[in-house]
Participant: 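The structure follows.
In what follows, chains carry the letters A, B, and so on, assigned in the order in which the sequence lines appear, proteins first and then strands, with residues in each chain numbered from 1.
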There are 4 protein chains.
Amino acid sequence: MKKKFTEKQIHILDIAEELIAKKGYEGTSVRDICSKANINVAMISYYFGSKEKMMSYLYQYRVLKTRENFSEFADTIKEGKPEMQMKEIIKYIVAQLFKYNYFHGFVTQELRHTENLKDELMDFYQLFVKKLDEVIKKGVTSGVFTFTPKPEDILTTIIGSTLFVIRNRNFYELYVPSKSEETYFKEAEKKVRMNLLMSVFAILGYAAD
Amino acid sequence: MKKKFTEKQIHILDIAEELIAKKGYEGTSVRDICSKANINVAMISYYFGSKEKMMSYLYQYRVLKTRENFSEFADTIKEGKPEMQMKEIIKYIVAQLFKYNYFHGFVTQELRHTENLKDELMDFYQLFVKKLDEVIKKGVTSGVFTFTPKPEDILTTIIGSTLFVIRNRNFYELYVPSKSEETYFKEAEKKVRMNLLMSVFAILGYAAD
Amino acid sequence: MKKKFTEKQIHILDIAEELIAKKGYEGTSVRDICSKANINVAMISYYFGSKEKMMSYLYQYRVLKTRENFSEFADTIKEGKPEMQMKEIIKYIVAQLFKYNYFHGFVTQELRHTENLKDELMDFYQLFVKKLDEVIKKGVTSGVFTFTPKPEDILTTIIGSTLFVIRNRNFYELYVPSKSEETYFKEAEKKVRMNLLMSVFAILGYAAD
Amino acid sequence: MKKKFTEKQIHILDIAEELIAKKGYEGTSVRDICSKANINVAMISYYFGSKEKMMSYLYQYRVLKTRENFSEFADTIKEGKPEMQMKEIIKYIVAQLFKYNYFHGFVTQELRHTENLKDELMDFYQLFVKKLDEVIKKGVTSGVFTFTPKPEDILTTIIGSTLFVIRNRNFYELYVPSKSEETYFKEAEKKVRMNLLMSVFAILGYAAD
DNA sequence: AATGAATGAGCGTTCATTCAT
DNA sequence: CATGAATGAACGCTCATTCAT
């Protein structure tokens with residue numbers, strides 16, 4: 001992998017990501033970002049060309065890191081039983097979304113500014129689809145799964161449900177025991193993961209015993 | 001229902017909703033809205049007091065209409081077998097989200113501006129939860145459902161999956177036959193509905209035959 | 001005198017005068033005036049043609065009334081000794097300025113909008129100059145006054161000093177016993193009147209004995 | 001004196017002062033000021049934070065300079081006969097008001113926007129009162145003045161008369177020989193100064209010979 | 001390589017006024 | 001005769017960006 005960004009640039013991107021996820025692209029001014037990053041207002045144009053281009057770089061940067069992360073993960077589950085692999089995939093996706101909800105929070109919201117970059121995310125999603133497909137087929141072949149649902153639908157359910165929980169805390173926190181800022185996300189993650197495991201294995205017709 | 005808004009106001013709100021859903025609240029200027037609505041730039045302040053207040057009214061307006069719509073729907077399925085009711089609920093929610101995806105697109109995105117109004121949406125979501133709970137319990141009692149998954153998790157799956165499909169057209173259209181602007185949404189709706197029916201009934205342990 | 005204005009118009013002018021004196025011409029919106037007068041926003045344009053024309057009418061209206069008032073006053077002092085006449089004139093001018101300080105407050109401030117109307121005020125001031133001139137000459141002739149200061153300078157001193165006191169309450173109230181809103185103006189009026197009597201009679205070389 | 005303002009800021013303040021004195025605070029738009037100062041419309045917010053804050057700075061700036069100027073002046077008349085000192089004070093105040101009539105023109109008009117800053121002007125006026133008090137007392141002690149009029153009343157007469165002349169040119173120019181724009185102020189200044197000298201010395205009971 | 005001063009465009013809002021009724 | 005809905009212009013201000021250094 002080429003080292004595309006300097007440390008300073010990464011510093012700016014990190015802060016920009018956080019602010020944009022919180023307040024939206026238009027709701028975040030370059031002054032906000034620069035002031036929080038303790039740099040000159042001109043730096044964003046200087047480093048990235050423009051605010052909009054910065055958005056592209058930010059996007060690329062996050063996809064890049066996420067992709068790296070995924071291929072590391074994929075290695076760790078290479079040799080396992082399909083049901084274990086499926087469980088790990090679900091756990092992994094949910095955990096990633098919770099961890100980088102800043103990013104995933106704005107990916108679909110603010111992508112109007114980086115229309116052409118959506119493909120990269122699509123490519124990435126298809127890595128998941130491909131992996132899910134492998135696991136499903138393997139499970140069916142080995143008899144542990146009964147049905148062959150479409151992998152893109154499985155992925156849709158996993159990501160959609162998780163993002164919904166992250167973005168609608170006001171709703172979901174009514175159903176988790178604790179409501180404190182710190183513990184909500186942990187408990188919500190657990191609850192949605194359990195839900196998804198149940199759902200997905202049900203769809204797969206997993207014969208538990 | 002009290003006639004809260006005049007026709008002209010509704011006209012403005014409709015256009016505002018569309019634009020805000022597409023480009024975000026800050027990304028949509030009052031000039032954008034007024035120019036598309038063929039009215040004077042002063043009209044938004046004139047009718048609603050301010051852009052921000054317009055946002056509140058827009059939100060109230062949509063929640064109001066959605067709530068009305070839902071209670072009409074709820075009546076139509078009052079007397080039915082649980083499995084039919086469940087099927088209708090899923091179909092209804094998916095259809096509503098597709099129909100008003102403009103609104104649902106910005107509800108969670110732009111609600112930072114109308115923080116106190118989130119409760120209204122939460123109240124509304126709980127109508128669904130309550131209804132789902134009824135249906136699940138009735139189905140279990142009558143023996144048609146085997147398991148008793150949490151209704152909030154069912155709702156999460158339904159709304160989350162559907163919104164994901166709506167918002168990630170670039171991804172999902174790879175898996176539907178047609179890609180034209182007009183047909184995509186129809187086919188995507190059908191596909192996600194089928195997926196959800198399968199998932200939900202699987203989780204419920206529905207004994208089909 | 002022709003009845004130029006209807007009661008409604010006078011009602012509007014009274015309120016406009018008060019607000020404009022307090023907050024300035026540009027600082028007072030037609031909405032402010034109309035809302036305080038409980039009339040429609042369109043009425044000022046309807047009755048007077050425009051805000052600026054209303055200003056002219058307001059000006060004319062006040063000069064008219066002041067002029068009437070002055071000729072009544074002039075009658076009451078027609079037959080008196082010069083020193084009594086002078087005393088009464090000073091008392092009258094000071095009292096009028098205090099009473100109509102709303103008006104006099106904006107006459108010089110806001111007259112940029114009614115440039116051509118200044119002449120009317122100038123005409124009016126010259127009534128005073130003429131009267132003062134008469135009194136001075138009579139007093140000198142009768143030997144009660146020693147010097148013949150210019151009447152326009154006497155007037156300048158009287159009006160200038162009085163307006164200064166009215167407009168610089170923060171300064172002058174340091175030197176009057178009471179500071180309450182109600183009593184300040186009464187006491188300030190008395191103090192400035194005493195000062196002016198002393199000054200003017202000193203300039204006239206009035207032999208009190 | 002601390003260098004509080006840059007040259008550019010002072011340039012803006014000078015133009016703002018002139019325009020505001022002429023057309024009032026609300027009557028002067030930031031666009032007016034910037035266009036006359038040949039700068040961008042954003043500069044006033046950029047340099048001063050807002051139009052209103054600019055007004056405060058403008059006020060501080062002028063009071064500061066006036067105060068400095070006065071203390072220089074006070075030094076030059078320290079050692080003199082009371083009648084000479086009084087003459088110089090009158091001459092000084094009149095000259096200052098004519099020179100900075102722009103400023104004095106709006107101080108009392110537009111101070112509603114800077115209510116809390118009035119105190120600074122009041123403090124300043126009291127420097128005059130104190131000085132006048134000294135001179136009067138010294139003159140009475142040395143026998144050159146007969147009466148002891150209140151110094152605040154002397155000041156009121158001086159400032160009030162002068163400002164009246166400045167603000168009512170239409171009236172006063174009827175009594176000065178020349179009416180041209182350039183010469184009016186010079187001649188009016190002379191006339192009002194002579195008037196005030198006569199008045200004040202008369203009140204003091206000055207034994208000329 | 002990096003800055004801070006300065007810019008022009010555009011923001012949401014308020015203004016005095018007009019117009020259809 | 002009077003209204004209230006509606007308008008276009010202008011308001012003060014903030015924006016992302018540029019430019020001279």
Participant: May I ask you to establish whether B:Lys65 and B:Tyr100 are in a cation-pi arrangement, using a distance under 6.0 Å from NZ or CZ to the six-membered ring centre and at most 45° from the ring axis?
Facilitator: no
Participant: When the distance from CZ of C:Arg31 to P of E:dT14 is rounded to whole Å, what number comes out?
Facilitator: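 Taking atom P of E:dT14 as the reference, CZ of C:Arg31 is at 10 Å.
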Participant: Just the rounded figure in Å: distance from C1' of E:dT13 to NZ of B:Lys53.
Facilitator: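 About 12 Å, once rounded to whole Å.
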Participant: Starting from the 5' end of DNA chain F, give me the residue, C:Lys8 or D:Val30, whose nearest nucleotide shows up first.
Facilitator: C:Lys8
Participant: Determine, stepwise, if the pair A:Gln60 / A:Val63 fulfils side chain to side chain contact (heavy atoms under 4.5 Å, CB included).
Facilitator: CA-CA 5 Å; A:Gln60 284 173 12; A:Val63 168; 5.9 Å; no
Participant: So that I can compare with my own list, what are the stems of DNA chain E, taken as at least three consecutive Watson-Crick or G-U pairs with distances under 3.5 Å?
Facilitator: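 DNA chain E stems, ordered by first number: E:2-21 with F:2-21.
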Participant: Which of residues 36-49 of chain C have a heavy atom under 4.0 Å from DNA chain F?
Facilitator: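 Correct list: C:Asn40, C:Ala42, C:Met43, C:Tyr46, C:Tyr47.
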Participant: List the steps and the verdict of side chain to side chain contact (heavy atoms under 4.5 Å, CB included) for D:Leu163 and C:Leu163.
Facilitator: CA-CA 10 Å; D:Leu163 289 182; C:Leu163 288 182; over 6 Å; no
Participant: Can you tell which of E:dT17, F:dC11, F:dT17 lies closest to the side chain of D:Ser29?
Facilitator: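 Closest of the options to the side chain of D:Ser29: F:dC11.
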Participant: Supply the atom-to-atom distance C:Met43 CE to C:Ile39 CD1, rounded to the nearest 0.5 angstrom.
Facilitator: 6.0 Å
Participant: Taking salt bridge (Lys or Arg N to Asp or Glu O under 4.0 Å) as the cut-off, I'd like each qualifying pair that reaches into residues 32-46 of chain B, sequence neighbours left out, listed once.
Facilitator: B:Glu18-B:Lys36, B:Lys23-B:Asp32
Participant: In this structure, how many angstroms lie between the P atom of F:dA5 and the CZ atom of B:Phe5, rounded?
Facilitator: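 Those two atoms, CZ and P, are 16 Å apart.
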Participant: Using whole Å, report how far CG of D:Asp32 lies from P of F:dA9.
Facilitator: 18 Å
Participant: Side chain of A:Lys51 only, please: which of F:dA2, F:dT17, E:dG12 is the nearest?
Facilitator: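 From the listed options, F:dT17 comes nearest.
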Participant: Within 45° of the axis and under 6.0 Å from the centre of the six-membered ring of A:Tyr47, does NZ or CZ of A:Lys53 qualify?
Facilitator: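 Checked: cation-pi criterion not met.
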Participant: Would you confirm whether A:Ser45, through its side chain, and A:Ser50, through its main-chain N or O, come within 3.5 Å as a donor-acceptor pair?
Facilitator: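 Here the side-chain-to-backbone pair does not exist.
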Participant: What integer distance in Å separates C:Ile12:CD1 from F:dT3:C1'?
Facilitator: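 Rounding to the nearest Å, CD1 of C:Ile12 and C1' of F:dT3 are 13 Å apart.
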Participant: Is there side-chain contact between B:Ile33 and B:Met54, with at least one heavy-atom pair below 4.5 Å?
Facilitator: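 Touching, per the 4.5 Å side-chain cut-off.
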Participant: Whole angstroms only, please: what is the CD1-P distance between A:Ile33 and F:dA16?
Facilitator: 8 Å
Participant: Kindly give the heavy-atom pair with the smallest separation between B:Lys51 and B:Tyr25, and that separation in Å.
Facilitator: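 Here B:Lys51 and B:Tyr25 meet closest at NZ-O, 2.9 Å.
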Participant: Taking NZ from D:Lys23 and C1' from F:dC11, how many angstroms apart are they, rounded to a whole number?
Facilitator: 13 Å
Participant: From CD of D:Glu52 over to P of F:dC13, roughly how many Å is that when rounded to an integer?
Facilitator: 8 Å
